[in-house]
Amino acid sequence: MIPKTYKEFESVEIPAAVPELGVAAGDRGVVAHVWDGGRMLDVEIPKAGGTSAGFVDLEVLLGGRLRVVGHSRLGF
């Protein structure tokens, strides 16, 4: 059981760097979607000017800790 639950539009800290998106460990993103009964999160990474760098896929571990498992860049 996962004691910490995350909700869409919640701000979360990215636990590890994702250089392909210009994300450093500790940067914040916004939960865009919660998957698999709360075990996976798609987190949008905002950029200055109101655009998005892309999405980071996070796995929710026991205790609510997060782990980067993937990412995708937006195509524009």
Side-chain angles (χ1 to χ4, degrees):
M1 177 173 217
I2 301 169
K4 167 68 175 151
T5 57
Y6 293 91
K7 297 178 183 168
E8 291 179 1
F9 305 112
E10 180 177 356
S11 176
V12 297
E13 186 174 296
I14 306 301
V18 184
E20 297 86 352
L21 297 178
V23 175
D27 284 355
R28 298 198 71 80
V30 177
V31 176
H33 196 77
V34 179
W35 296 93
D36 196 21
R39 291 186 282 269
M40 295 292 296
L41 308 174
D42 282 336
V43 178
E44 186 171 6
I45 306 302
K47 286 176 40 177
T51 61
S52 176
F55 291 86
V56 175
D57 303 319
L58 299 176
E59 178 182 17
V60 181
L61 304 171
L62 290 177
R65 291 180 303 118
L66 300 172
R67 180 173 73 98
V68 174
V69 294
H71 67 277
S72 58
R73 181 178 303 228
L74 293 178
F76 31 82

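Quantities reported herein were computed from a predicted structural model and do not represent experimental measurements.
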Open item on the list: Measuring from atom CG of L41 to atom CH2 of W35, what distance do you get when rounded to the nearest 0.5 angstrom?
Closed with: 11.5 Å
Open item on the list: Just to verify, what does E13 make a side-chain contact (heavy atoms from CB on, under 4.5 Å) with, not counting sequence neighbours?
Closed with: R28
Open item on the list: If we ignore hydrogens and angles and just use 3.5 Å, is the side chain of Y6 paired with the main-chain N or O of G64 as donor and acceptor?
Closed with: yes
Task: From CD (E59) to CZ (R39), nearest 0.5 Å - done: 9.5 Å
Open item on the list: Within the structure provided, determine whether L66 and V12 are in side-chain contact (heavy-atom separation under 4.5 Å).
Closed with: yes
TODO: Could you check if a side-chain atom of K7 sits within less than 4.5 angstrom of a side-chain atom of V34, using non-hydrogen atoms only?
DONE: no
Task: Considering all heavy atoms, the nearest R67-L61 contact - done: CB-CD1, 3.9 Å
Task: Heavy-atom side-chain proximity of D57 to V68 below 4.5 angstrom - done: no
Task: Of all pairs that satisfy ring pair (Phe, Tyr, Trp, His ring centres under 6.0 Å), the ones with a partner from residues 39-60, not counting sequence neighbours - done: none
Open item on the list: Could you measure the distance from the CD1 atom of I45 to the CG atom of L74? Nearest 0.5 Å is fine.
Closed with: 10.5 Å
- [ ] Mind checking the CZ-CG spacing from R65 to L58? Nearest 0.5 Å is all I need.
- [x] 13.0 Å
Task: Minimum side-chain heavy-atom gap V43-I14 below 4.5 Å - done: yes
- [ ] Look up atom CD in E44 and atom CG in L21, then write down how far apart they are to the nearest 0.5 Å.
- [x] 11.0 Å
Open item on the list: If hydrophobic clusters are built by linking Ile, Leu, Val, Met, Phe, Trp and Tyr wherever their side-chain heavy atoms come under 4.5 Å apart, do V60 and V30 end up in the same one?
Closed with: no
- [ ] State, to 0.1 Å, how close A25 and P15 come at their nearest heavy-atom pair, and which atoms those are.
- [x] CB-O, 3.8 Å
Task: Residue pair G29 / P46: nearest heavy atoms and the distance that separates them - done: CA-CD, 4.1 Å
